[in-house]
Amino acid sequence: MMMGASFVSTLPSLLPLQAQAASPSPSPSPSPSSSSSAASVRPPARSELIASSGSFVELAHAADLIQRRQRSEFLSSVRGTLYSAIKGNPDLIPSLLTLALNDAMTYDKASKSGGPNGSIRFSSEISRPENKRLSAAMNLLEEAKKEIDSYSKGGPISYADLIQYAAQSAAKATFLAAAIRKCGGNEEKGNLLYTAYGSNGQWGLFDKQFGRSDTAEPDPEGRVPQWEKASVKEMKDKFSAIGFGPRQLAVMSLFLGPDQNATETLLATDPDVSPWVQKYQRSRETVSETDYEVDLITTLTKLSSLGQQINYEAYTYPVPRVDLGKLKL
């Protein structure tokens with residue numbers, strides 16, 4: 001069958017990329033039948049309690065908003081660092097994607113162990129056969145981590161987060177590259193096309209999963225196939241083991257090795273996977289690529305959180321107190 005164009009065939013030009021505080025409910029007016037003697041011994045009125053608790057609610061909301069802003073600003077800076085790193089090394093995009101996939105694919109549903117926990121950073125794991133040729137991508141992220149940690153106010157970024165957000169940046173780069181390709185290689189027009197029709201806004205849930213913890217040891221061997229040597233059945237079985245089906249296998253073809261066309265040619269030989277391969281190839285030929293892009297974002301979001309407890313206070317830090325006594329009026 002005629003296979004679609006590979007998704008990473010064009011060098012990318014990278015795009016940089018309200019909470020409502022609940023008001024306390026009004027309290028009912030005191031009963032007009034209450035006696036003055038009863039009023040002198042009764043506990044504080046409900047309105048006073050609500051007013052008091054309301055101040056704590058407002059403080060809690062304010063603290064939450066500050067933390068969310070801190071995380072958002074830090075994540076924005078992380079993206080900038082990763083975009084720059086990937087822009088200078090676009091040939092590593094396939095490896096960055098497979099790095100994130102293989103780190104997550106160690107997840108075991110039965111024991112609730114493994115997953116995207118940064119274990120692939122250990123030399124004993126990165127050197128396994130399934131991780132062959134991924135060392136350069138890991139080295140790139142090691143350098144990026146040094147820069148990120150140098151400006152982080154809330155502690156060093158975890159490898160678990162870094163690896164998955166690098167995959168996000170790499171995936172976005174491929175979408176942008178496709179838009180530029182559709183515009184005949186014109187980067188300005190490609191940027192406008194992706195801004196107008198791309199699904200960048202669909203990454204919201206992925207961005208919230210920022211706060212994974214690193215494991216202290218490598219994950220067990222034998223949990224990740226050698227994708228380039230695996231049969232379609234072996235791929236299907238592995239995806240099934242983590243709760244994914246043929247649809248997710250097809251949409252993740254970009255992550256299964258350096259040659260997406262070769263991977264999709266193999267996947268198209270399976271009657272369960274072939275319809276999805278064809279669907280995504282057709283989608284990639286459209287202006288918006290919506291079906292393909294949204295399904296890939298959804299799958300990567302789920303994959304990148306397997307078995308992980310997200311710390312939503314990660315990378316936040318105390319705000320310096322202002323000594324009002326030193327203010328000069």
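All values reported here derive from a predicted model rather than from experimental measurement. All values below were derived from every heavy atom in this structure, side-chain atoms included, with hydrogens, water molecules and symmetry-related copies excluded.
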Worksheet item: Are L300 and W203 close enough, and set up right, to give a side-chain contact (heavy atoms from CB on, under 4.5 Å), and what steps lead you there?
Response: CA-CA 10 Å; L300 182 57; W203 287 104; 3.9 Å; yes
Discussion item. Is there a side-chain contact (heavy atoms from CB on, under 4.5 Å) between I126 and L99? Walk through the geometry before answering.
Written reply: CA-CA 9 Å; I126 194 73; L99 187 76; 3.8 Å; yes
Practice prompt. Could you please spell out the steps behind the side-chain hydrogen bond (donor to acceptor under 3.5 Å, both in side chains) verdict for D207 and Q168?
Written response: CA-CA 9 Å; D207 288 341; Q168 180 199 43; 2.9 Å; yes
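Taking hydrophobic clusters as Ile, Leu, Val, Met, Phe, Trp and Tyr residues chained together by side-chain heavy-atom distances below 4.5 Å, V319 does not share a cluster with F74. Criterion: ILVMFWY side-chain heavy atoms under 4.5 Å apart, direct or through other members. Under it, V232 and M105 are part of a common hydrophobic cluster. One hydrophobic cluster, built from ILVMFWY side chains closer than 4.5 Å, holds both V224 and F244. Linking ILVMFWY residues whenever their side-chain heavy atoms come closer than 4.5 Å, directly or via other members, leaves Y151 and Y317 in distinct clusters. Linking ILVMFWY residues whenever their side-chain heavy atoms come closer than 4.5 Å, directly or via other members, places L75 and I163 in the same cluster.
Formation of a donor-acceptor pair under 3.5 Å by the S283 side chain with backbone atoms of K279 is not found in this model. A donor-acceptor contact shorter than 3.5 Å links the side chain of D259 to the backbone of N261. A donor-acceptor pair under 3.5 Å is absent between the side-chain atoms of Q278 and the main chain of P275, judged by distance alone. Side-chain N or O atoms of N311 include none that pairs as donor or acceptor with a backbone N or O of G211 at under 3.5 Å. A donor-acceptor pair under 3.5 Å links the side-chain atoms of S150 to the main chain of E147, judged by distance alone. Checked by atom type and distance alone, the side chain of N131 never pairs as donor or acceptor with a backbone atom of I120 at under 3.5 Å. Side chain of K145 to backbone of I157: a donor-acceptor contact under 3.5 angstrom is found.
To the nearest 0.5 Å, the span separating OG on S304 from CG on L205 amounts to 8.5 Å. To the nearest 0.5 Å, atoms OG1 (T81) and CD1 (I148) are separated by 5.0 Å.
The shortest side-chain heavy-atom distance between E125 and T106 falls under the 4.5 Å cut-off. Residues E264 and Q281 are in side-chain contact: their nearest non-hydrogen atoms beyond the backbone lie under 4.5 Å apart. Side chains of Q164 and S305 form no contact here, defined as non-hydrogen atoms less than 4.5 Å apart. L82 has its side chain out of reach of R79: every pair of non-hydrogen atoms, C-beta onward, lies at least 4.5 Å apart. In this structure the side chain of L303 never reaches within 4.5 angstrom of the side chain of Q248, judged on heavy atoms. Here the side chains of F175 and N200 are not in contact, with every heavy-atom distance at 4.5 Å or above. M235 is not listed as a side-chain neighbour of P225, based on a closest heavy-atom distance of 4.5 Å or more. Y197 has its side chain out of reach of T290: every pair of non-hydrogen atoms, C-beta onward, lies at least 4.5 Å apart.
Scanning all heavy atoms of the two residues, the minimum distance from A137 to L96 falls at CB-CD2, 3.8 Å. Of all heavy-atom pairs spanning S158 and R212, the tightest one is OG-O, 2.9 Å. Annotation for A179 and Y194: closest pair CB-CB, 3.9 Å, computed over non-hydrogen atoms. Nearest heavy-atom pair, S127 versus S124, reported as atom, atom and distance to 0.1 Å: OG-O, 3.5 Å. Looking at every heavy atom in both residues, A314 comes nearest to R71 through O-NH1, 3.2 Å. When all heavy atoms of L266 and A230 are compared, the pair lying nearest together is CD2-O, 3.8 Å.
Judged by the 6.0 Å and 45° rule, R284 forms a cation-pi pair with Y292.
When only modelled atom types and interatomic distance are considered, E293 and Q202 share no side-chain donor-acceptor pair under 3.5 Å. In this structure, a donor-acceptor pair under 3.5 Å is absent between the side chains of Y280 and D291. Side-chain contact, Y159 with D103: no donor N or O sits under 3.5 Å from an acceptor N or O. For the residue pair R247 and T299, no side-chain donor N or O sits within less than 3.5 Å of a side-chain acceptor on the partner. S113 and Y107 share no donor-acceptor pair across their side chains, judged by distance under 3.5 Å alone.
Counting non-hydrogen atoms of neighbouring residues, nucleotides and ligands closer than 6.0 angstrom, the NZ atom of K208 reaches no more than 12 such neighbours. E313 CD: 12 or fewer foreign heavy atoms inside a 6.0 Å radius.
Annotation: side-chain contact (heavy atoms from CB on, under 4.5 Å) contacts of T98 (sequence neighbours excluded): N102, L134, W227. Taking the salt bridge (Lys or Arg N to Asp or Glu O under 4.0 Å) definition, one finds that K236 meets it with D270, D272, sequence neighbours left out. Remark: T215 engages N117, S119, R121, F122, E217 in a side-chain contact (heavy atoms from CB on, under 4.5 Å) (not counting sequence neighbours).
A salt bridge between R223 and E130 is absent, with no side-chain N of the basic residue lying under 4.0 Å from a carboxylate O of the acidic one. Ionic pairing of D108 and K112 is not present here: no N-O contact between side-chain nitrogen and carboxylate oxygen is shorter than 4.0 angstrom. Using a 4.0 Å cut-off between a side-chain N of Lys or Arg and a carboxylate O of Asp or Glu, E143 and K146 qualify as a salt bridge. Salt bridge status for R68 with E73: absent, with no side-chain N to carboxylate O gap under 4.0 Å.
Residue P116 forms a side chain to side chain contact (heavy atoms under 4.5 Å, CB included) with just one option from L101, L306, D161, and that option is L306.
The aromatic ring centroids of F210 and Y312 lie 6.0 Å or more from each other.
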